[in-house]
Amino acid sequence: MPSLPQALIEMLEDRIADPRRRQFGGEKTVHGHTSDPDAIRKFMSEGRQDDGTGGPDPFDLIRQQMANWGQSMPEMFLSTDANGNRSASSSNPDTPLARPASKADLAALEKRIGRPLPEDLRQMFGIADGGWGPGFSHTEGHGPGLNSVRGMISELDDLERRGPDYCGEGVWPMHFVPLTENFGPAAYDLDTGQVWQWDEHYYDHDKTVAEAWSVSHASLADFLSDWLMGE
């Protein structure tokens, strides 16, 4: 069975101990939080370069749609990353790190997939149960990142419920488990230990549905190492 090198586990643990470096995109500087749409728009527009297209401001479009639905702006946390990119998110960046996955949850996942959990996946969930690392899947109380064990089970149940032709796309491979949402799902192949990435824009890239999945990393260790090195 594939496993994560101990040195990699220690580097991952060191990074995610810092809330500013725990999620996708590396270190962030938090500039406070607000639900005032004008303040959010001002923060997001400062330093933005005019691309010359003359199109509407994306934030204004979101704001108008929320108004049409009778929704108010939620509390948004304002931040910049190491490259100066600005973001406004309803996820609190100061959420606590998740505990390692419980034995009961790991057993429930094994029951759901019908086979023993590969050692490298078990080690990943032993670092912290979701809410860290690459991707945007949300773990309640811990923020975005990799799926938690329960999130993985829930996502598998949802994919099964949707059926094979949901949105005109392909059948979810039964030997894949969803690691995270990363501009299209990233999945772990239980048969090979490889990580696969779904190309959400396969139709723009002259691909068929059958070609939308491709191997992105030879192993989970490589997938997590890329996240570390990309900080």
Side-chain angles (χ1 to χ4, degrees), residues 2-30 33 76-83 85 87-106 108-109 112-113 117-156 158 176-190 193-198 216-217 219-231:
S3 62
L4 302 180
Q6 184 58 37
L8 173 60
I9 292 174
E10 291 173 2
M11 287 190 291
L12 290 168
E13 289 174 335
D14 178 68
R15 174 168 172 178
I16 69 176
D18 184 346
R20 300 172 302 167
R21 304 170 60 220
R22 188 173 298 155
Q23 276 99 12
F24 198 78
E27 185 169 344
K28 293 183 177 181
T29 301
V30 179
H33 53 90
M76 302 291 277
F77 294 85
L78 313 178
S79 64
T80 53
D81 65 18
N83 296 318
N85 300 309
S87 65
S89 172
S90 58
S91 295
N92 187 340
D94 294 325
T95 51
L97 179 64
R99 294 178 179 273
S102 69
K103 291 182 179 179
D105 282 347
L106 292 171
L109 178 56
R112 178 65 179 79
I113 63 178
L117 201 62
E119 181 62 21
D120 54 355
L121 271 183
R122 184 178 291 274
Q123 290 172 304
M124 183 188 79
F125 288 125
I127 295 170
D129 189 16
W132 64 275
F136 306 99
S137 294
H138 187 78
T139 297
E140 188 65 32
H142 303 290
L146 296 163
N147 272 318
S148 64
V149 173
R150 292 186 182 183
M152 187 175 281
I153 294 171
S154 177
E155 184 68 13
L156 283 169
D158 190 47
F176 281 11
V177 290
L179 286 172
T180 189
E181 177 63 31
N182 187 18
F183 303 110
Y188 180 96
D189 187 339
L190 294 167
Q194 296 170 320
V195 175
W196 291 65
Q197 178 68 44
W198 172 267
S216 65
H217 295 84
S219 67
L220 181 61
D222 286 349
F223 178 70
L224 295 173
S225 294
D226 261 8
W227 176 66
L228 274 177
M229 298 304 106
E231 184 176 21

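For Ser219 against Val195, the heavy-atom pair with the smallest separation is O-CG2, 3.9 Å. Taking all atoms of both residues into account, the shortest heavy-atom contact from Ser148 to Phe125 is C-CE2, 3.8 Å. Here the shortest heavy-atom pairing between Ala221 and Pro5 reads CB-CD, 4.1 Å. Considering every non-hydrogen atom in both Gln197 and Ser216, the closest pair reads CB-CB, 4.0 Å. Smallest separation of non-hydrogen atoms from Ser137 and Asn147: CB-OD1, 3.3 Å. The two residues Leu179 and Phe223 have their closest heavy-atom pair at CD1-CE2, 4.0 Å.
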When you look at Leu220 and Tyr188, which way does the side chain to side chain contact (heavy atoms under 4.5 Å, CB included) test go after all the steps? CA-CA 7 Å; Leu220 181 61; Tyr188 180 96; 3.9 Å; yes
Is there a side chain to side chain contact (heavy atoms under 4.5 Å, CB included) between Thr139 and Trp132? Walk through the geometry before answering. CA-CA 9 Å; Thr139 297; Trp132 64 275; over 6 Å; no
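Ring orientation note: the planes of Phe176 and Trp196 are tilted relative to one another, at an angle of 30° to 60°.
A heavy-atom distance below 4.5 Å is not found between the side chains of Glu181 and Trp198. Within the 4.5 Å cutoff, no side-chain heavy atoms of Lys103 are placed close to those of Leu106. Using a 4.5 Å heavy-atom cutoff, the side chains of Ile9 and Glu13 are in contact. With a 4.5 Å cut-off on side-chain heavy atoms, Leu8 and Leu228 count as touching. Side-chain atoms of Val177 and Asp189, non-hydrogen and from C-beta on, never get closer than 4.5 Å to each other.
Once rounded to the nearest 0.5 Å, the distance linking CG of Asp158 with CD1 of Ile153 reads 13.5 Å. Rounded to the nearest 0.5 Å, atoms CZ (Arg22) and NE2 (His142) are 9.5 Å apart. Here the straight-line distance linking atom CE of Met11 with atom CG of Leu4 works out to 11.0 Å at 0.5 Å rounding. Rounded to the nearest 0.5 Å, atoms CG (Leu109) and CG (Asp105) are 9.0 Å apart. Here CD1 of Ile113 is found 5.0 Å from CG of Leu190. Values are rounded to the nearest 0.5 Å. In this structure, Glu10 CD and Asp14 CG are separated by 9.5 Å, a value rounded to the nearest 0.5 Å.
The cationic atom of Arg15 (NZ for Lys, CZ for Arg) lies less than 6.0 Å from the six-membered ring centre of Trp227 and within 45° of the ring axis.
Classification of Arg99 and Asp129 as a salt-bridged pair fails, no side-chain N sitting under 4.0 Å from a carboxylate O.
Heavy-atom contacts from other residues, nucleotides or ligands closer than 6.0 Å to CZ of Arg122 number more than 12. No more than 12 heavy-atom neighbours from other residues, nucleotides or ligands sit within 6.0 angstrom of CD on Glu140.
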